[in-house]
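Working notes, beginning with the structure itself.
What you see is a predicted model, and the numbers here were worked out from it, not measured in a lab.
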Amino acid sequence: MAIYFPGRRLLKAFSTIAPNKRSRIDWRISEEWRDIDEGTASRCGVEGTCTVEVASGISEKAMSTLKEVAGGTLGLKDVWSLKYDVEHTIGREVNWQVSQRSTKTFKVQPPKCGRSALTVYQLFRIYELTCARKKWFSFDDEKWVKLNTRTIEERTNNHDAIPDTVESDPICNCPDSPPEPVFDGLMQLSFGAIGLRVPYRLTQTGLELQIDRQIVSIDASDLTALMRRLESGLEVEVAADLIPEPLRFLGNVPDDAKLLGRMVKYAEETVEDSLESVSIKMPGIGVQVIASGQLLSG
């Protein structure tokens, strides 16, 4: 599943030795999330745009590097033998097809007195490859001579987003603007290759989520038990139209689909505001989901 994390994480460090035992590749494989959208916050009812770059796989230069490593250094017949070895070692499917890049632009309509923005992330996989050759004659403990290190990147098909809509932005100078709401943290919603982080706040009867300009109210008979379960995650089912359009597009999600996934407490951070109400199906621990219909306020 697409689970966002900050910074770069090491997946695996390992070595691949050539069949002749004379050459070796030392791998260091990491992953990190990167912002891929182009756009700024739209304010005060003025329509804006969000442009995302569509790409997955590797570059032609990266493919040339892999072919050189597979054939020249390791003496393998093709790149795909090397790919199988990497997939088996890291426990993930990798995409070493040469990527074709394109962009797609979506309209963003902010509230009359507020702002709207959507930040979209893609998971990148980084491969650091260090070539080494075995010494012919050596009395040293170190039998290998390390040569050059190369780095290639793979763009995975995993995407994450943070929608941000605020009903009242001071820049708009609207009279009698409502105060911005206060939230208790973020929830991570994950649906296969796509995910999003949204703010939530606790209420007397459960909790409320804000997804863009929509409110999801979840009524729980035992709020303490609910929050405890959310530390490890709960299964959820939502309508696709709850997901921001750019994220649906990147995940190839039909507009009328139902998405099965998990909701987990992400972090103690504060995000902003919302409008409109929807419902969310949450099977499991006796949690009742209701539509709110009230604008979140401070």
Side-chain angles (χ1 to χ4, degrees), residues 1-6 9 31-34 36-37 52 54 56 91-93 95 106 118-125 155-165 183-202 206-220 223 225-269 271 274 276-292:
M1 284 193 171
I3 305 293
Y4 178 88
F5 54 85
R9 288 186 178 179
E31 291 181 339
E32 68 179 5
W33 290 91
R34 297 181 188 173
I36 62 165
D37 68 279
V52 294
V54 184
S56 63
R92 283 170 166 77
E93 182 180 356
N95 179 7
F106 300 87
L118 180 69
T119 306
V120 182
Y121 298 85
Q122 185 174 17
L123 184 64
F124 282 67
R125 191 169 293 135
R155 300 180 67 150
T156 75
N157 67 342
N158 293 304
H159 295 85
D160 179 85
I162 296 184
D164 174 30
T165 295
F183 290 98
D184 295 302
L186 292 176
M187 289 291 175
Q188 170 84 56
L189 301 175
S190 302
F191 307 98
I194 62 172
L196 67 163
R197 286 159 288 154
V198 299
Y200 77 91
R201 76 169 180 178
L202 303 177
L207 58 86
E208 292 176 329
L209 304 179
Q210 173 198 321
I211 303 179
D212 198 14
R213 301 184 69 179
Q214 303 180 90
I215 297 171
V216 176
S217 295
I218 301 176
D219 191 16
L223 182 57
L226 171 62
M227 296 307 296
R228 190 163 52 244
R229 286 290 302 274
L230 285 169
E231 295 289 344
S232 58
L234 284 173
E235 293 184 356
V236 295
E237 178 182 347
V238 304
D241 59 8
L242 190 65
I243 309 300
E245 185 181 4
L247 199 57
R248 296 202 308 268
F249 169 76
L250 291 168
N252 295 314
V253 177
D255 293 344
D256 58 351
K258 292 287 186 179
L259 300 179
L260 297 175
R262 289 184 69 79
M263 180 170 70
V264 63
K265 187 178 178 183
Y266 173 71
E268 295 296 333
E269 298 176 5
V271 193
S274 89
E276 210 173 316
S277 64
V278 296
S279 63
I280 179 172
K281 181 184 177 184
M282 202 161 125
I285 62 169
V287 175
Q288 180 184 3
V289 180
I290 60 174
S292 173

Contacts of type side-chain hydrogen bond (donor to acceptor under 3.5 Å, both in side chains), residue R34, not counting sequence neighbours: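 Partners of R34 under the side-chain hydrogen bond (donor to acceptor under 3.5 Å, both in side chains) test: E32, E153.
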Under the side-chain hydrogen bond (donor to acceptor under 3.5 Å, both in side chains) test, residues paired with R197 that sit two or more places apart: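 side-chain hydrogen bond (donor to acceptor under 3.5 Å, both in side chains) check on R197 returns D160.
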Check: M227 and L207 side chains under 4.5 Å, non-hydrogen atoms: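 They are in contact (side-chain heavy atoms under 4.5 Å apart), so the answer is yes.
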Test item: E245 and L118 side chains (from C-beta on) under 4.5 Å apart, heavy atoms: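 A side-chain contact under 4.5 Å is absent here.
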Ring pair (Phe, Tyr, Trp, His ring centres under 6.0 Å) partners for F124, two or more places apart: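 Expected list: none.
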Residues which pass side-chain contact (heavy atoms from CB on, under 4.5 Å) with L123, listed by chain and number, not counting sequence neighbours: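 Applying side-chain contact (heavy atoms from CB on, under 4.5 Å) to L123 gives F5, E31, W33, T156, N158.
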Residues forming a side-chain contact (heavy atoms from CB on, under 4.5 Å) with N157, sequence neighbours excluded: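 Checked N157 against side-chain contact (heavy atoms from CB on, under 4.5 Å); matches are A193.
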Qualifying salt bridge (charged side-chain N to carboxylate O under 4.0 Å, His left out) pairs, either residue in residues 249-259, two or more places apart: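 Pairs touching residues 249-259 that pass the test: R248-D255.
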By salt bridge (Lys or Arg N to Asp or Glu O under 4.0 Å) - contacts of E231 (at least two apart):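 K265.
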Candidate list L209, L196, L259, V216, test side chain to side chain contact (heavy atoms under 4.5 Å, CB included), partner L242, passing option: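 Per the side chain to side chain contact (heavy atoms under 4.5 Å, CB included) rule, the option paired with L242 is V216, out of L209, L196, L259, V216.
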Result of checking R262, M263, Q188 against L230 for side chain to side chain contact (heavy atoms under 4.5 Å, CB included):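 Of all the options given, the one that passes is M263.
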Trace of the side-chain contact (heavy atoms from CB on, under 4.5 Å) decision for V238 with F191: CA-CA 10 Å; V238 304; F191 307 98; 3.6 Å; yes
Nearest heavy atoms of V198 and P163, plus distance in Å: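 Closest approach of V198 to P163: CG1-CG, 4.2 Å.
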